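Accompanying notes for the structure given below.
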Amino acid sequence: MSAFKPVEMSETFPAMEGRVLALWKDKDVFKQSLELREGGPSWVFYEGPPTANGKPHPGHALTRVVKDLFPRYKTMRGYHVPRKAGWDTHGLPVEIEVEKELKISGKQDIEKYGVEPFVRKCMDSVFRYTNDWEEFTERLGFWLDLKDAYVTYHKPYVESVWWSLKQLHGKGLLYQGHKILPWCPRCGTALSSHEVGLGYKEVEDPSVFVTFRSYDDAKVSFLAWTTTPWTLPSNAGLAVKAEFEYSHVKVGEETLIMASALVEKVMGKIPHEVVKTEPGSALVGRKYRPLFDWWKGSDAEVAGAWKVCAAEFVTLDAGSGIVHVAPAFGADDYALGQKEGLPVIQLVDAAGKFTAECGPFAGRFVKDADNDVVKDLRGRGLLLKREGYKHDYPFCWRCSSPLIYFARAGWFIRTTREISRVIENNKTIQWLPEHIRDGRFGNFLESNIDWALSRERYWGTPLPVWVCQGCKHQEPIGSFDELKTKPNARGLDAFDKAKAKDPALNDHLRVHKPWIDEAQFDCPKCAGTMKRVSEVIDCWYDSGAMPFAQWGYPHAPGSTDKFTNAFPADFISEAIDQTRGWFYSLLAESTLLFEGPRPPHPYKTCVVLGHVCDEKGEKMSKSKGNYIDPMLILREEGADALRWFFYSSTNPWTSARFSRPNVREAQKEFLIKLRNVYSFFVIYANIDGFDPSVGLPEEDPDQTSEIKKYHRGGRPVEERALMDRWILSELHQTVNTVRQRLDDYDIFGAAGLINALVESLSNWYVQRTRERYWRSWETEDCSSEADADKLDAYWTLYESLTTIARLVAPFVPFTAEEMWQNLAVAPMAGKGIVPESVHLADYPVTDPHAVDRELADEVALVREVVSLGRNVRAAQKRKVRVPLAKLVLVLADQALIDVAQKHEEVVKDALNVKKVEYARVADQYVTYELKPNFKLIGAKYRELVPGIKKTLATANAAHLKNKIANDGFCSLTVEGKEVTLTSEEVEVTIAAKQGYAAAGSRQVVVVMDCSLTPELVEEGLAREIVSRIQKMRGEMKLRYEQRIRLALKGSVTLRAVAEKFAEYIQGETLATELAFGEAPDGWKTSEEELKEEGEAFTLAISEA
RNA sequence: GGGCUCGUAGCUCAGUUGGUCAGAGCGCGUCCCUGAUAAGGACGAGGUCGGCUGUUCGAAUCAGCCCGGGCCCA
């Protein structure tokens, strides 16, 4: 008989979600959802590959729930949305993880350990956490095709990357050059920025002011400042800022040039005199003499060296306003040198020692030589002064040696040549939030430098360039098979040999170091030996290649179709730190490689996520110890709670404060409320035998319309009760706006609307219509008006809940599924009417017919009235149980009175009053206030506005109000001018006068007659008795429809009231009889006391 | 140091193209309601809308500067 499974309120959310997961698995719902939409328009999603060498943290939870929402939504909208998973597997973090595991450190140790076993360790380590990730992904409800994931170390992926690099080489976009790297001279290795960040210490370095003699006048010098004297022999230029003013300062016989703003600070007590000033731009291009004559460059190099350049990085914070430039030892310096044609003078070797040409300094470690360099300059009169300078300086986190910034040869992608196309492409991408496009990301692109692609490491995609050992001829290689076609190709069997020794060797490693390094062939130019360069590439290039590499394009069979069908992506989403990472690598590679497709590509929309912070607003990280394991939340609170928290608490791009209490709050706010309504429906639908499938045809031949598809019974909307029409209007209005918000990628906005809908459903619709579900049926066939109305109530709530289930399915897929299974699938099973999962259903469509904006406004007013009425009751200490005789509503105009009258029954019921009266004029209760409508009069009267405001405020409000009401306008004299205001230009508001039992807002005042008559008190007492009985029923855990027998024992008054209201009391409490006197044996009894009424009685209940 | 971003009630956050008592939820206190109850409602806080200056008839909302937090970069 029961159509619905009772809702077990004691079941935890995670337990419910476990059942849903099992159902999805059992019916393979994800796969079905893809198959269902095959042939539909496709909507392309790219999964940014997470690095699977650590456990998922809360930030990944945010990323994954956002990534899941839109594909689910689009699928329900009819799109085909394949979701291929991916894993980022290369890179330094993996190597470091393995180094730690092996308790080794640095490249020398790795070489000693052996590159082959090391690389194998790296590969193993990557998937150590895969199980964690897969469990996390599934438990979160993130539907992703994990079985068919792309993996960046796999051979087809690597070869796809090779193909792309060959394309770039062919376009002249791949070249060898220099890059300034943080370098540990002891370890002989570069450090990643992450590693550099680990080792900052505060130290005192020399701060020296050095004089560079002007080329044409030995008496004039440029005063430059540096904290690294050891770089001075490698000086190649000086930098000034064109906009600054510079002074010629006479000191004795000599003239020093420095920034005017710093003269006093630098010269201090040294006697000096400013003889001339000029802008920095006037200094640009002047030549000077080097401090040391050790370096011997080519004529061309020398011609370009030792000149003054303009640079933006020059500041007035410290120093002299003139900066010493050593392109080999600073990134800014290098970039400036490239721009200005300065030579790269590098008089320091990789061990941090001065090179042989450095005379007395040759072979000395640079940091130790600082003092002697200074001494040498002083001896030659080239030093103005030396001080100490405290600052943070990076040290090697492994060996504590001071790092030096050092130019290293490497491979680069010439992004700067194509950057204008990249910028154009970027301009057409939809960024959320919008400011990323021209802000953080746009700025980053504007200051683009060539992409340093190569890494002197082991575990990565090998850079596929072979170089002739003799003539330096370069040849990029696009695949392993291509190598085989090369003249006299040899060493290609290195991997096979290794595999013969150890059959467990993974075939994908064929294209990795060290085996691939064995491959050689003959140089086509000089017949020398072509060998691969030793480097691997930046793993960011790997991930940026995923649009084509995930399909093994163009080598893999069928990959061309797969690639073109899934390019560009409609949607990607990652956290903000990916601006310089994945967002850039995707965009840059796509722009450089593909010149055909119309921008934007390879992604059209990018939702940028904020960081997940702890309750103090600090970024969560394991090292800080403020980290919550997201699996803990999933186990304790559940996936929907976690998901809803991220969707509803704030925009995804503002960093959310993540904590268990916050997640619980989101759960209480929304999920529990929704479940309560759902449970309420199921309880009474089962009691009343409401069955949505009754009368349905076995097969529905026409499943085209929303109504047919999802079945909507009951009378036409316009024939239903006001309340039903209202909630259906709210429902369909919300459906409409939620679709709009989601189409705009506005998750937070959509979640807010859904929240408001559920709030309305729970706190107003159900609250105010509960009695309709409690009534008994009157007729067999529900033909009476009362029964039809009751049936309407069920259909209305049924439609609301099943529509909400579909509406929230992309957000809280578990709760939605649970509701759908019970409300739709269970009763309709086998009738071919509803899909067997909510995620196979269509997203709800608005029925414009059901939307009634006027009614929505009306109910808003009614809710306001009720709220104010409760306010009055609280202030007057009149609880709602005691009926009051009269309520007076004072409303600003007749239209509002009409509205209130229309909804009078609801008001009476909600506030428990006998009668409602209406008044437009009620001067004894209210005061009026007049205010101009600023928006309307602002532009018209401008500076008169304050005067108008003042005049209106001080005028006789009641009088003016009447005048406006009668004539439609009023005239005022403001600052001597005549001003005529129409009724639209003046807002009349009312407020309750002090001292009355009244409360008011701008448009309505509620006045209550709070006097009590004996009749009212008696009725209140009767309701009090009912309340006590209900409470007891609850304590006895009686079924909701259980009939009972009642016995009461109390005062004469109490008995009189109970007798008078016997019918009411029995009706409300489902009592078949009401007796007075001692409780019969075996009945449950309770002593009740009504303090306010001064009554005490004994209550006894037995099941009937 | 540079870029971006944020700074609104004890906490978490809203606040539409600048228009006038600055809002919600949570927590707290008081009270109420309850045949959905691991719910719900009413009321209270008296918040210099980070600070200063400016634009404007009018600014939380625009501009400039400053202070503080976050992120990225140097």
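Lettering follows sequence order; numbering is per chain, from 1. These figures come from a predicted structure and were not determined experimentally.
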*The side chain of F680(A) lies closest to which of these nucleotides: G40(B), A36(B), A38(B)?*
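The nucleotide sitting nearest to the side chain is A36(B).
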*With a non-hydrogen cut-off below 4.0 angstrom, is V766(A) in contact with a base, only sugar-phosphate, or nothing?*
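Answer is base: heavy atoms of V766(A) come under 4.0 Å of a base.
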*Rounded to whole angstrom units, what separation is found between the CD atom of Q1042(A) and the P atom of G35(B)?*
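Rounded to whole Å, this separation is 16 Å.
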_Length of the line joining F583(A):CZ and C72(B):P, which is rounded to integer Å_ =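 My rounded result for the distance is 14 Å.
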Can you tell me if the side-chain N/O atoms of [X] get under 4.0 Å from OP1 or OP2 in [N]?
| X | N | answer |
| --- | --- | --- |
| Y684(A) | A36(B) | yes |
| Q1030(A) | G35(B) | yes |
| N763(A) | G41(B) | yes |

Shorter than 3.5 Å, N or O on both sides, protein versus nucleotides 23-29 of chain B: list them out with atom names.
from: G25(B); atom 1: O3'; to: E669(A); atom 2: OE2; distance (Å): 3.3
from: G25(B); atom 1: O2'; to: E669(A); atom 2: OE2; distance (Å): 3.1
from: C26(B); atom 1: O4'; to: E665(A); atom 2: OE2; distance (Å): 3.3
from: G27(B); atom 1: OP1; to: K668(A); atom 2: NZ; distance (Å): 3.4

*Does the C73(B) base have a donor-acceptor partner in the side chain of R580(A) within less than 3.5 Å?*
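No, no donor-acceptor pair under 3.5 Å.
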Write down the protein N/O and nucleotide N/O pairs, taken from nucleotides 14-17 of chain B, whose separation is under 3.5 Å; answer none if there are no such pairs.
from: A14(B); atom 1: OP1; to: T650(A); atom 2: OG1; distance (Å): 3.0
from: U17(B); atom 1: O4; to: K935(A); atom 2: NZ; distance (Å): 3.2

Pairs under 3.5 angstrom, nitrogen or oxygen only, protein versus nucleotides 64-66 of chain B, please.
none

_Whole-Å C1' distance, U20(B) and A60(B)_ =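 Their C1' atoms lie roughly 12 Å apart.
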*Output yes if the stacking criterion (under 5.5 Å between centres, under 30° between planes) is met for F444(A) over the base of G3(B), else no.*
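Aromatic stack with G3(B) absent for F444(A).
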